[in-house]
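Everything on this sheet refers to the single structure shown next.
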Amino acid sequence: MTQKTELVPDIGSDAAEVVEILVSVGDSVDVDQGLIVLESDKASMEVPSSVAGTVVEVLVKEGDELSEGGEVAVIEVAGGADAGAAQSEAENATPKTSTESEQASSTDAADSAADVTADNDGPKDEEASTNRDVTVPDIGTDDAVDLVEISVAVGDSVEEGDTLVVLESDKASMEVPSPAAGVVEALRVQEGQQVSQGDVLLVLSGAAAEPALSTKSPESESPDTGAAASEDVATPTPAPAKASDSSAGSGSTSGSAAASGEVYAGPAVRKLAREFGVPLMDVRGTGPKGRIVKEDLHEFVKRRLDRPAGAGSMAGIPEVPEVDFAAFGDVEVVERSRIDKVTAANMQRSWLNVPHVTQFDDADITELEAFRKSLRDEGEKRGTRITPVPFLLKACAVALSRHEKINASLSDGGDTLTLKRYVHIGMAVDTPAGLVVPVIRDVNQKSIWDLAAEVLDLAARARDRKLKPAEMQGAGFTISSLGAIGGRGFTPIVNTPEVAILGVSRAQTQPVWDGSAFQPRLQLPLSLSYDHRVVNGGDAGRFLTELCELLGDIRRLVL
Ligand code: CAO
């Protein structure tokens, strides 16, 4: 039984990160099948298996930094006795190391120098001495590959190592870096065309600096020619860089990467995406085969910046994909009201910032309702109407004054609490234009009649859109009553920077055990949502219990 430990080949840089592990222990692999994907600043690349066999051990994990010679995986070579042969054969299939590539490139460069450009013929040709052709380096395949991106234009100054073009085959993507500093004099290729090793990409002038990493013709290294013309083969970059995280092979992707679950992008784009913190899965590729090009990233970032606050997802939160609903039937797109949009932003902000907990209880309002109904005639005489809400307001005011953390706000850094010595309560009002929350001030100082009149007035003006901005500010707590609408309970969202909100649902007569018999009692469902950064379960429980006691026996409101 022969085992082979696969090593990282020359990757053209000091170290690269393991961004994906393509196999698991027990997997069968073929020769050349990718084991892991490495990504450096310049390239992403698969490290292929040099043998066919079974993965016995994976020696790396995602996030590891590897350099040439690093151990990747142990493969049990298939074929038993032939294993040795298989291995040595397979070793030939291992991606060329930089040295091999350099040799190949050097030979090619030397071979082709004469027919690529006449400049190369004369090492002492001063006129031509500042021009050099940059050619396609060893790309690990004899096949022609797509030139998918030209990263420079004529007249551009480039530094050694700057990306000139991006090449891409079905399996690989690779940037071709400039072998030296200089100015791009002429482009010899166009995006979309196919190129092979040795093809001239562009002409670089003023490239007098010694191209440290490139393979050069002997003339260019001649000390007395200095900037002697040469055919510069760009840095022999690593074995084929993989463009797609999961779309090796023909892997044609079309349209949005997210839609297909594949990301098809070159290393330059991947690097840029990392710098922006953009998940490539969310970006729609407009390049060939749905490939994501730099412009797509720029467009994505621009759209995100233009988007109004609250209209979409935050960084790190996966975006909900857009759906073409018209594909399923007739649709109508309507503008949302400004109030709806502001409410949406506020709700999302609260939902994302506040760790919510909701506590439920029922208040027995049998006596309260009897009393309230007894006030009907008096209310008519006063020209008003008392609903349960004024009683709720009053009971909340009393409970808030005894439970100061519920009527507080948290400072930015979370170090301090602002305790409000006033009792201003917001009241959610459902209007045709959206949700509006007018504020009833100094609730603790007002009578039930005063509150009844104010509730009617504010609710009416809210629906007529006659509230002034000041009338919707300053609340320390909010009541959201859906009692007239229905429902058995709900979990309201805290209206930040407040720390708690009371949800009120429809009262129902329920059988309640009094110790010896069931009694029909009118039960009012209450739900208190609170910011658990400020309010603990105990605080909330005590507050809600007290509120229920106050509503259950409204004589307590005057104690
Ligand atoms: N259980 C049973 N009946 C109730 C009730 C409850 N919890 N609350 C109110 N009712 C009754 C009232 O008593 C009244 O009946 P009567 O005329 O017989 O007394 C009837 O329902 C209608 O009440 P109302 O709506 O006129 O007045 P209100 O004081 O209950 O509510 C207001 C005022 C402004 C809170 C309410 O109109 C409203 O807009 N509620 C919606 C709030 C909302 O949208 N919250 C959700 C926010 S989050 O999306």
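In each ligand, atom 1 is the first atom listed, and ligand 1 is the first ligand listed.
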[X] touching ligand 1 at heavy-atom level, < 4.0 angstrom:
X	result
Pro390	no
Arg385	yes
Glu369	no
Arg372	yes

May I ask which of [options] has a heavy atom nearer to [atom] than the others do?
atom	options	result
atom 11 (C) of ligand 1	Ala459, Ala484, Pro525, Ser505	Ala484
atom 12 (C) of ligand 1	Ala460, Pro388, Ser481	Pro388
atom 18 (O) of ligand 1	Met347, Lys373, Met427, Arg376	Arg376

* To do: Using a 4.0 Å heavy-atom cut-off, say whether Leu524 meets ligand 1 through its side chain, its backbone, both or neither.
  =>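 Looking at Leu524 and ligand 1, just side chain atoms fall under 4.0 Å.
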* Structure fact -> Contact region, Thr431 to ligand 1, non-hydrogen atoms below 4.0 Å, reads neither
Run the salt-bridge test on [X] and [Y] with the 4.0 Å N-O cut-off and return the result as yes or no.
X	Y	answer
Asp442	Lys446	no
Glu404	Arg421	yes
Glu367	Arg372	no
Glu471	Arg441	no
Glu299	Lys294	no
Arg382	Glu378	yes

* Intermediate values then yes/no, side chain to side chain contact (heavy atoms under 4.5 Å, CB included), Phe543 and Leu400 -> CA-CA 8 Å; Phe543 175 83; Leu400 285 171; 3.7 Å; yes
Around [atom], find the nearest protein heavy atom and jot down its residue, atom name and distance.
atom	value
atom 1 (N) of ligand 1	Ala507 N, 2.8 Å
atom 31 (O) of ligand 1	Val389 CG2, 3.8 Å
atom 46 (C) of ligand 1	Ser480 OG, 3.0 Å

* Using modelled atom types only, decide if a donor and an acceptor are shared between the side chain of Asn536 and the backbone of Gly538 within a distance under 3.5 Å. =>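 No, because the side chain of Asn536 does not come within donor-acceptor range (under 3.5 Å) of the backbone of Gly538.
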